[in-house]
Each structure stands twice: as structure tokens, then as C-alpha cells.
Amino acid sequence: MTISQDEILSHLNNNVFKVISQTADEMNLECYLIGGYVRDFFLYRPSNDIDVVAIGSGIDLAKSVGRNLGVKKDVTVFKHFGTAQIKYKGYDIEFVGARKESYSQDSRKPAVEEGTLEDDQKRRDFTINAMAFCLNSNRFGELIDPFNGMQDLENLIIRTPLNPDITFSDDPLRMMRAVRFASQWGFDIYPDTFDAIKRNAERI
């Protein structure tokens, strides 16, 4: 799967990403496009769901981006979860601050604290959903892929970024997502990940 940097920059040459980039730079926030939108770009799948992670307050970034897009009244804030959402010209844009999460055995609701981009990528369900593009102007379009999600995309592999027992224990519904992605897209579930699904299936 060979996609050039020029193709990435061309794909990101969109007013939405330009405004997010400019706003993040003005606020001195590191800012990344992450998750399904990045994955779908490499799969040549159109997507209108945009996830943005900021190293700092995602809510503050969303409010400023909303003002700069002229949709201030359409910014929805979920303060309890530390997220905000903007609907703009067919896009659903969700903003969150980078975070670490910890879970108890009997709940899917995590205890959340501020974290780094790597912390945020570690909490993602699968390696192919942990890839990120930097949106800051000095590194615009740079791919950050610490868990080799691109290689797993090329090999059609579903794999967790961390020990799969940890990933599935944190949120057992991820096991259902693994099976759905594999059947929907013709991917294989990595053996260690598949074995963990069998071990943790009762958690569902």
C-alpha cells in the first residue's frame, strides 16, 4: 500500500483541516487527526466522521474552531467526557484532549486523566485505528504510527495496540468490533488477539 506524502497533503487540502490547523497553531496546541478517518483514507473509503485529539483541552479547541468556521452555536460540549462535537457541511467532527484511561472490572466507564498522544493511541482498540496525522502547520500531514497500523492494514490484520487481554478487559465490546471488522472487510484477526477473544468472551 504505497501512498505518497503528496497524496496525503492533497487529501488534507480541505478547509476543515486548514481551519483546525490554524486554530491549533494560534492556541499553541499540538493537534492530530486520528482513528477511523485516517484508517479509511488508506483504505480508499470515504468518511465524514473526523476525530481530532489535542494535547490539552479538546473542548477549548472545538469552541475556537467553531468560531473560526462560523458555527459557534453548533458546537456541542460533553463536559463529563471531555469531548465536543461540531457538525459542519456534512462532517461530524469530534474533539477530545489526549488522555489516559483506567477501568474497573465491572464498568465500561473509565477514570480519565490527561495524557500524551502516545497515551491516547495506546487506549485505541486496534492498531489500524491508532494511526494519526499531525495537523500543526510545521508537521502537517506527518503520519504517527507507533504500533505499525499501516503494516497491519497492508497485511489485512486486526490486532490490538496493547496486550489484547488489557484492551478487551477495558472494553469488552471491542471483541465484537474485532469480529465485525474482520467479517466486514475480509481481515484476519491476529492469533494472539483471537485467543484473547476466546479467553475474555464471557465479559461480553
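All figures in this text were calculated on a predicted structure; none of them were measured in a lab.
Shortest non-hydrogen contact noted between Thr167 and Arg174 is O-NH1, 3.1 Å. Here the closest non-hydrogen pair linking Ile197 and Ala178 is CD1-CB, 4.0 Å. What you find for Ser47 and Asp40 is that their closest heavy atoms are CB-OD2, 3.7 Å. Taking both residues in full, the closest heavy atoms of Gly141 and Gln5 are given as O-NE2, 3.1 Å, listed atom of the first, atom of the second, then distance.
Rounding to the nearest 0.5 Å places CE of Met175 at 11.0 Å from CD1 of Ile189. Between the CG atom in Leu156 and the CZ atom in Phe181 there is a gap of 14.0 Å [rounded to 0.5 Å]. To the nearest 0.5 Å, the span separating OG1 on Thr193 from CD1 on Ile157 amounts to 9.0 Å. Taken to the nearest 0.5 Å, the CD1 atom of Ile128 stands 7.0 Å off from the CG atom of Leu43. Separating the CG atom in Leu153 from the CG atom in Asp145 is a distance of 8.5 Å, to the nearest 0.5 Å. The distance from the CG atom of Asp51 to the CZ atom of Arg39 is 10.0 Å, given to the nearest 0.5 Å.
In terms of modelled atom types and a separation under 3.5 Å, the side chain of Arg124 and the main chain of Pro161 share no donor-acceptor contact. Counting only distance, with no hydrogens or angles, the side chain of Ser64 and the backbone of Asp60 share a donor-acceptor pair below 3.5 Å. In terms of modelled atom types and a separation under 3.5 Å, the side chain of Gln121 and the main chain of Ile144 share a donor-acceptor contact. Of the possible donor and acceptor atoms, none in the side chain of Asn129 sits under 3.5 Å from a partner among the backbone N and O of Asp125. In this structure a side-chain-to-backbone donor-acceptor pair under 3.5 Å is missing from Asp152 to Gly149.
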Any chance you could lay out the side-chain contact (heavy atoms from CB on, under 4.5 Å) test for Gln151 and Asn155, step after step, and finish with the verdict?
CA-CA 6 Å; Gln151 183 176 334; Asn155 294 329; 3.5 Å; yes
I'd like to know whether Asn200 forms a side-chain contact (heavy atoms from CB on, under 4.5 Å) with Asp165, so could you lay out the CA-CA distance, the side-chain angles of the two residues, the decisive distance to 0.1 Å, and finally the verdict.
CA-CA 7 Å; Asn200 292 278; Asp165 288 308; 2.8 Å; yes
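Below 30°, between 30° and 60°, or above 60°: for Phe42 and Phe133 the angle between ring planes is between 30° and 60°, a tilted geometry.
The hydrophobic cluster containing Met131 also contains Ile158, counting ILVMFWY residues as joined when their side-chain heavy atoms lie under 4.5 angstrom apart, directly or transitively. Follow the hydrophobic side-chain contacts under 4.5 Å out from Val96 and you never reach Ile59; the two are in separate clusters. In the hydrophobic cluster analysis, where Ile, Leu, Val, Met, Phe, Trp and Tyr join through side-chain heavy atoms closer than 4.5 angstrom, Val75 is grouped together with Leu69. Criterion: ILVMFWY side-chain heavy atoms under 4.5 Å apart, direct or through other members. Under it, Phe126 and Ile166 are not part of a common hydrophobic cluster. With hydrophobic clusters built from ILVMFWY side chains whose heavy atoms lie under 4.5 angstrom apart, Val65 shares a cluster with Ile50.
With no hydrogens or angles considered, a side-chain donor-acceptor pair links Asp119 and Thr116 at under 3.5 Å.
Side chains of Val77 and Lys63 form a contact here, defined as non-hydrogen atoms less than 4.5 Å apart. In this structure the side chain of Met150 reaches within 4.5 angstrom of the side chain of Leu143, judged on heavy atoms. The side-chain heavy atoms of Leu12 and Phe41, taken from C-beta on, include no pair separated by under 4.5 Å.
Figure legend: cation-pi geometry between Arg199 and Phe168 absent, as NZ or CZ is not positioned both under 6.0 Å from the six-membered ring centre and within 45° of its axis.
In this structure, Phe187 has its ring center at least 6.0 angstrom away from the ring center of Phe194.
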Side-chain donor/acceptor pairs under 3.5 Å, residues 87-95, sequence neighbours excluded:
{"residue": "Lys87", "atom": "NZ", "partner": "Asp92", "partner atom": "OD1", "Å": "2.8"}
{"residue": "Tyr91", "atom": "OH", "partner": "Asn14", "partner atom": "ND2", "Å": "3.0"}

Extract all donor-acceptor atom pairs below 3.5 Å that involve side chains of residues 16-37 and protein atoms in other chains or at least two apart in sequence.
{"residue": "Lys18", "atom": "NZ", "partner": "Asn13", "partner atom": "OD1", "Å": "3.0"}
{"residue": "Ser21", "atom": "OG", "partner": "Leu135", "partner atom": "O", "Å": "2.6"}
{"residue": "Thr23", "atom": "OG1", "partner": "Val19", "partner atom": "O", "Å": "2.7"}
{"residue": "Thr23", "atom": "OG1", "partner": "Asn68", "partner atom": "ND2", "Å": "2.8"}
{"residue": "Asp25", "atom": "OD1", "partner": "Asn136", "partner atom": "ND2", "Å": "3.0"}
{"residue": "Asp25", "atom": "OD2", "partner": "Ser137", "partner atom": "N", "Å": "3.3"}
{"residue": "Asp25", "atom": "OD2", "partner": "Ser137", "partner atom": "OG", "Å": "2.7"}
{"residue": "Glu30", "atom": "OE1", "partner": "Tyr32", "partner atom": "OH", "Å": "2.5"}
{"residue": "Tyr32", "atom": "OH", "partner": "Arg139", "partner atom": "NH1", "Å": "3.1"}
{"residue": "Tyr37", "atom": "OH", "partner": "His11", "partner atom": "NE2", "Å": "3.2"}

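Residues meeting the side-chain contact (heavy atoms from CB on, under 4.5 Å) test with Asp192, sequence neighbours left out: Tyr190.
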